[in-house]
Amino acid sequence: MNTSLILSDIYIYPVKSLGAIRVSQAEVEERGLRFDRRWVVIDDTNRFVTQRQHPTMALIEVTLTDNGLDLRHRTRDLGVLTVPALPETFDLVPVTVWDDTIEAVVVNDACNRWLTEALGFSVRLMYLPDTSPRLADPDYAPFDVNVSFADGFPFLLIGQSSLDDLNTRLPDAVSMVRFRPNFVFEGGEPYDEDQWYEFTIGGIRFYGVKPCARCVLTTVDPEKGEISGKEPLRTLSTYRKRNNKIFFGQNVVTQESGRIKVGDEVVVVSRKVRYTMSEGI
């Protein structure tokens, strides 16, 4: 077992595709880290809205409060939007996230108005209640596990050495936030997480189930809220591409709960050799 790996960063993204929050500790739950992607912005067709089509979403900063969330626009004076921890309506709406349809609850009219003004088109803010199931892909998950409004799996893990290696290949270095991980660890070889199957963080058992296919969202500069060009996808495609998909990071599930914190030891228990890049992901 490897004892030289340390959890160096924890990120949560309470509202899907809005700003990241870097935290020193977090509660692990079935759907992901507590508060992670439990809210989503939808358009008038009830489909989720992301930075892929609307990169200015990156300019909306999110802060956790004792009573919910505060949202602020980084470059526009829209005031602070207070998002309650629980919805203030009983309006259930079938929300589409990729190929899934999940029943979610409208938060309130104030959130809808603020976000519509911030984004420039009609949107609503939705909350995912515990009573709405959404199973992770059973073709990869080793057991039934529900997921939040994340793209497909509850957690995303990336090694700092993987980003460091990528940045040696890029004309301009990019930050880890481009890839929106939950867990970042230090130590080990670049892309070692490709091979992880069973591992622990602070004693909590996780399973690496599927390398994460990356999209145009990684080309959004989170500081400017705009697409910065074709990097890092163009460079990643030269050595991390298979079957027309570009991979960076590992999707993760767990059946356990508890608290993790920055500085926790990461221990690899078993590996899945079939996912080495030499054989293709």
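Just so it is clear, the values below take in all heavy atoms, side chains as well, and ignore hydrogens, waters and symmetry mates.
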Before you tell me yes or no, could you show the steps for Asp192 and Arg271 under salt bridge (Lys or Arg N to Asp or Glu O under 4.0 Å), namely the whole-Å CA-CA distance, both residues' side-chain angles and the distance that decides it to 0.1 Å?
CA-CA 10 Å; Asp192 191 50; Arg271 294 172 176 268; 2.8 Å; yes
| Is the side chain of His54 donor-acceptor paired with the backbone N or O of Thr56 at a distance under 3.5 Å, no angle test? | no
Does atom CD (Glu27) have a neighbourhood of more than 12 heavy atoms from anything else shown, all under 6.0 Å? yes
- Message: Regarding Glu61 and Arg72, does a basic nitrogen lie under 4.0 Å from an acidic carboxylate oxygen?
- Response: no
Using the rule given for salt bridge (Lys or Arg N to Asp or Glu O under 4.0 Å), can you reason through Arg124 versus Asp91, listing the C-alpha separation, both sets of side-chain angles and the distance that settles it, and then say yes or no? CA-CA 11 Å; Arg124 285 174 289 172; Asp91 300 334; over 6 Å; no
Verify, without hydrogens or angle tests, whether Glu193 (side chain) and Gly159 (backbone) share a donor-acceptor contact under 3.5 angstrom.
yes
Sorted by chain and number, sequence neighbours left out, ring pair (Phe, Tyr, Trp, His ring centres under 6.0 Å) with Phe90 holds for none
What one should report as the nearest heavy-atom pair of Ile201 and Asp264 is CG2-CB, 4.2 Å
Would you say that Thr200 contacts Phe206 through its side chain, given a criterion of any heavy-atom pair below 4.5 Å between the two side chains? no
Of all heavy-atom pairs linking Gly208 and Gln250, the shortest is C-OE1, 3.5 Å
Ion pair present between Asp164 and Arg169, side-chain N to carboxylate O less than 4.0 angstrom? no
#### Entry: Candidate pair Trp196 and Leu5, rule side-chain contact (heavy atoms from CB on, under 4.5 Å), full reasoning
CA-CA 13 Å; Trp196 294 9; Leu5 309 176; 3.4 Å; yes
cation_pi(Arg180, Tyr11) dist<6.0 Å, angle<=45: no
Apart from Val216 itself, its cluster of hydrophobic side chains linked below 4.5 Å comprises Val220, Ile227
Note: with side-chain heavy atoms under 4.5 Å as the link, the other cluster members for Leu128 come out as Val40, Ile42, Phe48, Val93, Val95, Val97, Trp98, Ile102, Val106, Met126, Phe149
Practice item. Look at atom CG of Asp99 and say whether more than 12 heavy atoms of other residues, nucleotides or ligands are closer to it than 6.0 Å. Key: no
Contacts satisfying ring-ring contact (aromatic ring centres under 6.0 Å, His included) that involve residues 19-40 (not counting sequence neighbours) are Trp39-Tyr127
Those residues at least two apart in sequence (or on a different chain) that pass side chain to side chain donor-acceptor pair (under 3.5 Å) with Arg178 are Ser228
message = For Val184, is there any backbone N or O sitting under 3.5 Å from a side-chain donor or acceptor partner on Asp9?
response = no
**Message:** Quick one, Arg52 with Asp151, criterion salt bridge (Lys or Arg N to Asp or Glu O under 4.0 Å). Give me CA distance, side-chain angles, the key distance, then yes/no.
**Reply:** CA-CA 12 Å; Arg52 296 170 179 87; Asp151 279 349; 2.6 Å; yes
Check your understanding: Is the Phe247-Tyr191 ring centre distance short of 6.0 angstrom?
Key -> no
key: Backbone N/O of Arg234 and side chain of Ser237: donor-acceptor pair under 3.5 Å   = yes
With sequence neighbours left out, the residues meeting ring pair (Phe, Tyr, Trp, His ring centres under 6.0 Å) with Phe153 are none
For Val177 and Ala20, the nearest pair of non-hydrogen atoms, with its separation, is CG1-CB, 4.4 Å
Is there a side-chain contact between Leu33 and Phe183, using heavy atoms and a 4.5 Å cut-off?
yes
Any donor and acceptor pair, going by atom type alone, linking the side chain of Arg22 with main-chain N or O of Ile12 inside 3.5 Å?
no
